[in-house]
Amino acid sequence: VQLQASGGGLVQAGGSLRLSCAASGRSGRTVSNNGLGWFRQAPGKEREFVAGINWNGGNTLLADSVRGRFTISRDRAKNMVFLQMNSLKPEDTAAYYCAASRSAYSNRDPSNYNYWGQGTQVTVSS
């Protein structure tokens, strides 16, 4: 399975971005039954959990730092996951990675994800 993230860019504080991640795989392999997540990593910092969603979109998790500003959603039919980011802050600046969980559920531990996208850069200016 390959994950391709897109939608990053440069935005002013208070602005919005929508990240997308498309999954593709050989022999029709998909992530439609896997939990999906978004993580981010700023220079000099460890990768941190941002948001997760379970296999059917019925349950989501958000990091405290983004709750109320970010929303995660998915389109199972298209094998895509999205991260809507509003009210962006300079501290949201990081490379954002999408990932597919080993199970049907998402969680905050990156070791539970076995497929990762290449990352898309988000830069928020003050």
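Bear in mind the structure is a predicted one, so any value in this text is a computation, not a measurement. Basis for what follows: all heavy atoms, side chains included, without hydrogens, waters or symmetry-related copies.
Here the OG-CZ distance, from Ser87 to Phe70, works out to 9.0 Å after rounding to the nearest 0.5 Å. With rounding to the nearest 0.5 angstrom, the CG atom of Leu61 is 5.0 Å from the CZ atom of Arg108. Remark: Ser101 OG to Leu36 CG distance equals 8.0 Å, nearest 0.5 Å. For the atom pair OG (Ser106) and CG (Asn34), the distance works out to 11.0 Å, reported to the nearest 0.5 Å.
Within the structure, the disulfide (SG to SG under 2.5 Å) test picks out no pair touching residues 39-96 (sequence neighbours left out). For residues 12-24, no pair satisfies salt bridge (charged side-chain N to carboxylate O under 4.0 Å, His left out), with sequence neighbours left out. Screening residues 44-73 for disulfide (SG to SG under 2.5 Å) gives no qualifying pairs among residues at least two apart or on separate chains. Here side chain to side chain donor-acceptor pair (under 3.5 Å) pairs that include residues 70-84, with residues two or more places apart or in two chains, are Asn33-Arg76, Gln84-Asn86.
Val11 and Tyr96 fall within a single hydrophobic cluster, where Ile, Leu, Val, Met, Phe, Trp and Tyr are joined by side-chain heavy atoms under 4.5 Å apart, directly or via other members. Residue Trp38 is not grouped with residue Phe82 when hydrophobic side chains (ILVMFWY) are merged at heavy-atom distances under 4.5 angstrom, including chains of intermediate members. Under the 4.5 Å side-chain heavy-atom criterion for ILVMFWY residues, no single connected hydrophobic cluster contains both Tyr105 and Tyr115.
Under the salt bridge (charged side-chain N to carboxylate O under 4.0 Å, His left out) criterion, Glu48 pairs with Arg40, sequence neighbours left out. Every residue two or more places apart in sequence or in another chain was checked for a salt bridge (charged side-chain N to carboxylate O under 4.0 Å, His left out) with Arg47, and none qualifies. For Arg69, the salt bridge (charged side-chain N to carboxylate O under 4.0 Å, His left out) partners two or more places apart in sequence, or in a different chain, are Asp92. Residues passing the side chain to side chain contact (heavy atoms under 4.5 Å, CB included) test with Thr60, sequence neighbours excluded: Ile53, Ile72. Partners of Asn56 under the side chain to side chain contact (heavy atoms under 4.5 Å, CB included) rule, at least two apart in sequence or in another chain, are Asn54. Partners of Arg67 under the side-chain hydrogen bond (donor to acceptor under 3.5 Å, both in side chains) rule, at least two apart in sequence or in another chain, are Asp64. Remark: Phe49 pairs with Phe39 by the ring pair (Phe, Tyr, Trp, His ring centres under 6.0 Å) rule, at least two apart or across chains.
Minimum heavy-atom separation, Ser20 to Met80: CB-CE, 4.0 Å. Between Cys98 and Val81, the shortest heavy-atom distance links the atoms CB-CG1, 4.4 Å. Residues Leu17 and Gly7 approach most closely at CD2-O, 3.8 Å, considering heavy atoms. Taking each heavy atom of Ala100 and Val31 in turn, the nearest pair found is CB-CG1, 3.9 Å. Across every non-hydrogen atom of Val1 and Ala23, the tightest pair is CG1-CB, 4.5 Å.
Screening Asn107, Asn114, Asp109 against Ser111 for a side chain to side chain donor-acceptor pair (under 3.5 Å) leaves a single residue, Asp109.
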Going by atom type alone, with no hydrogens or angles, which donor-acceptor pairs under 3.5 Å involve a side-chain atom of residues 116-126 and a protein atom two or more places apart or on another chain?
| residue | atom | partner | partner atom | Å |
| --- | --- | --- | --- | --- |
| Trp116 | NE1 | Tyr113 | O | 3.3 |
| Gln118 | OE1 | Ala5 | N | 3.3 |
| Gln118 | NE2 | Ala5 | O | 2.9 |
| Thr120 | OG1 | Gly8 | N | 3.1 |
| Gln121 | NE2 | Ala94 | O | 3.4 |
| Gln121 | NE2 | Thr123 | OG1 | 3.4 |

